[in-house]
Amino acid sequence: MDTATPNTRYYFLDWVRIAAFALLVLYHTGMYYVTWDWHVKSPHASSAIEPLMLLSSPWRLSLLFLISGVATAFLLGKGMQGFFRMRSRRLLIPLIFGMLVIVPPQAYYQVVEQLNYPDGYLAFWGRYLHADHSFCKSGDCLDLPTWNHLWFVAYLWVYTLLVWLAARFAPKVVERLSAKVGSFLSGPMILIAPFLLLAIARVTLVAIFEQTHALTDDWYNHAQYFSVFVLGFLIARNDEVWASLQRLRWSATLLAIASYLFLIGYFFVLTSDEYPPTDLLRTVQRTAWALNQWLSIAAIIGWARQWAPGDSAVRRYLTEAVFPVYILHQTLIVVFAHNLKPLDLPVLPEGVLLVVATYACCFAGYELIRRATWLRPLFGLNLRPAASLALPDAAPSAPRILSSLDPGT
């Protein structure tokens with residue numbers, strides 16, 4: 001079994017992470033235009049792009065948790081000393097700052113649009129900071145303060161805590177389990193076993209536990225996201241597992257496409273409020289969802305390992321930019337979307353403008369953040385621009401490598 005060292009850095013996963021977070025801007029812009037519930041809604045909202053949104057819905061967050069698990073394994077491999085303190089600082093400070101400063105405009109425009117809130121932002125912000133729970137509609141009240149899209153950071157901190165405890169108090173057990181899991185998944189089982197685990201979770205839990213992103217009652221989401229986080233943690237240093245994903249990329253791609261086409265048929269052709277699905281068809285759909293969830297991830301990683309570039313100045317820049325861009329992006333989308341409404345632009349030009357403006361302001365914000373020492377910790381960055389992002393030249397036979405993979409690394 002080929003095993004990576006703690007200093008190994010898989011560049012192909014770095015590029016996957018960058019692309020996955022970039023996709024969030026497109027996805028959350030799309031949420032403004034579909035019929036699904038969101039903070040603000042376009043007057044032109046329809047089901048037109050919902051099949052396109054479904055293309056990434058099953059797998060985009062699971063992919064990020066998988067990569068975060070990998071990064072956690074490599075960071076822990078460098079030593080336990082100070083690990084959890086460092087991770088807490090890099091995750092909890094941005095989470096708290098985000099909840100107090102970055103996220104409130106999302107809630108403000110939500111109550112403006114959904115409850116016709118008449119007062120200005122500063123008046124709302126004061127009520128937000130005082131945990132005012134009186135913003136209600138049809139008995140459903142807004143919980144304030146809220147973390148909204150930053151729920152990912154809260155979950156990541158909790159999952160990091162759990163694997164850190166396991167590595168600290170049962171290191172031999174973790175080491176043996178990692179070796180066994182890596183050996184078991186080296187080959188076709190890397191496509192089969194995670195899919196079955198996710199399918200069992202979806203079939204048995206998704207109808208029982210609403211997906212709340214509230215941490216304490218979100219058991220289906222924990223079943224899927226913690227599972228893939230732990231999987232990433234256990235397989236991180238097993239080069240044969242990553243090689244298996246590369247070898248099986250065509251099989252994974254074809255199965256992912258087939259499962260996606262079935263999901264499109266199920267949600268947009270076979271079923272409706274007028275013609276609800278049978279229990280059997282619903283079970284098949286949930287299984288197909290899990291198949292698409294894992295096989296899409298497997299295909300993406302397999303193709304990335306085959307074709308992704310190695311280290312570069314662009315990779316190093318984007319790697320550090322990802323977390324600040326993630327923190328800023330949804331608030332910018334909500335603010336821009338609401339304030340563009342009076343212009344009554346056609347949907348397509350407005351959507352393009354939203355995406356371009358969001359990316360532009362996110363990276364403008366990052367340029368400010370990276371230069372201001374006092375801002376860097378608030379957005380999960382080191383106090384100083386990290387010279388450690390520059391890597392020594394790798395030997396020709398070395399694997400492609402990965403830098404800081406998850407938010408805050």
Side-chain angles (χ1 to χ4, degrees), residues 1-4 8-23 26-27 51-70 181-202 224 227-229 231-232 234-267 284-310 315 396-402 405:
M1 178 185 74
D2 295 328
T3 303
T8 298
R9 297 168 65 176
Y10 293 113
Y11 292 136
F12 66 94
L13 288 182
D14 233 354
W15 287 108
V16 169
R17 173 184 173 252
I18 290 165
F21 274 106
L23 178 63
L26 302 177
Y27 188 88
L52 185 61
M53 298 282 282
L54 189 62
L55 184 62
S56 65
S57 292
W59 52 263
R60 58 191 175 81
L61 290 166
S62 298
L63 175 61
L64 290 173
F65 278 111
L66 179 82
I67 295 175
S68 297
V70 175
V181 169
S183 177
F184 178 68
L185 296 180
S186 298
M189 288 305 295
I190 189 58
L191 300 187
I192 299 170
F195 150 63
L196 291 176
L197 179 63
L198 292 169
I200 291 170
R202 189 162 186 87
Q224 58 173 335
S227 294
V228 295
F229 179 87
L231 176 62
L234 293 176
I235 67 174
R237 299 179 192 163
N238 191 308
D239 290 338
E240 183 54 35
V241 172
W242 304 114
S244 296
L245 287 170
Q246 183 178 357
R247 288 195 302 270
L248 296 167
R249 64 191 183 278
W250 275 111
S251 298
T253 301
L254 294 174
L255 288 169
I257 292 171
S259 57
Y260 169 70
L261 293 175
F262 174 81
L263 292 175
I264 291 296
Y266 176 89
F267 287 112
V284 173
Q285 174 267 126
R286 290 170 181 168
T287 305
W289 182 283
L291 184 68
N292 183 264
Q293 182 177 13
W294 179 249
L295 271 296
S296 296
I297 291 172
I300 289 166
I301 292 175
W303 286 107
R305 195 175 191 271
Q306 177 75 15
W307 295 113
R315 184 205 63 81
S397 60
R400 289 181 179 174
I401 310 285
L402 159 95
L405 286 170

Within the 4.5 Å heavy-atom criterion, are W303 and T253 side-chain neighbours or not?
yes
W294 vs L197, test: side chain to side chain contact (heavy atoms under 4.5 Å, CB included). Steps then yes/no.
CA-CA 10 Å; W294 179 249; L197 179 63; over 6 Å; no
Grab the two heavy atoms, one from L191 and one from A252, that are nearest each other, plus how far apart they are.
CD2-CB, 4.1 Å
How about L13 and W242: do any of their side-chain heavy atoms sit closer than 4.5 Å?
yes
Side chain proximity check, S244 to L185, heavy atoms < 4.5 angstrom
no
Got a second to check how far L248's CG is from L254's CG, nearest 0.5 Å?
11.5 Å
Determine whether I264 and L55 make a side-chain contact, defined as any pair of heavy atoms from C-beta on separated by less than 4.5 Å.
no
Nearest 0.5 Å, what's the CG-CE distance between L196 and M189?
7.0 Å
Heavy-atom pair of closest approach, residues A256 and N292
O-ND2, 3.0 Å
Is there side-chain contact between L291 and T287, with heavy atoms separated by less than 4.5 Å?
no
Are the ring centres of W307 and W15 closer than 6.0 Å?
no
When rounded to the nearest 0.5 angstrom, what is the spacing between OG in S183 and CG in N238?
8.0 Å
Interatomic spacing from CZ in F12 to CD1 in I300 - rounded to 0.5 Å:
13.0 Å
V181 vs V241, side chain to side chain contact (heavy atoms under 4.5 Å, CB included): CA-CA, chis, key distance, verdict:
CA-CA 10 Å; V181 169; V241 172; over 6 Å; no
Minimum heavy-atom separation for S186 to G182, with atom names?
OG-O, 2.6 Å
In L64, I297, I67, the residue satisfying side-chain contact (heavy atoms from CB on, under 4.5 Å) with V16 is I67
What is the distance from atom OH of Y27 to atom CG of L61, rounded to the nearest 0.5 Å?
8.0 Å
Pairwise side-chain contact, V284 with F262, heavy-atom cut-off 4.5 Å (strictly under):
yes
Counting C-beta onward and ignoring hydrogens, is there a side-chain heavy-atom pair between V228 and P194 closer than 4.5 Å?
no
Using the side chain to side chain donor-acceptor pair (under 3.5 Å) criterion, which residues pair with Q246? Sequence neighbours excluded.
R305, Q306
Please find the pair of heavy atoms, one from R286 and one from R202, that lie closest to each other, and give the distance.
O-CD, 3.5 Å
Enter the distance from S57:OG to L263:CG here, rounded to the nearest 0.5 Å.
10.0 Å
We want to know whether Y260 and S296 form a side-chain donor-acceptor pair, criterion being a heavy-atom distance below 3.5 angstrom.
no
Can you list the steps and then say if Q224 with Q293 is a side chain to side chain contact (heavy atoms under 4.5 Å, CB included)?
CA-CA 10 Å; Q224 58 173 335; Q293 182 177 13; 2.8 Å; yes
Between W289 and S259, do the side chains contain an N or O donor and an N or O acceptor separated by less than 3.5 Å?
no
Given side chains that start at C-beta, do those of R315 and P309 come closer than 4.5 Å, heavy atoms only?
no
Between L66 and F229, is the side chain to side chain contact (heavy atoms under 4.5 Å, CB included) condition met? List the steps.
CA-CA 5 Å; L66 179 82; F229 179 87; over 6 Å; no
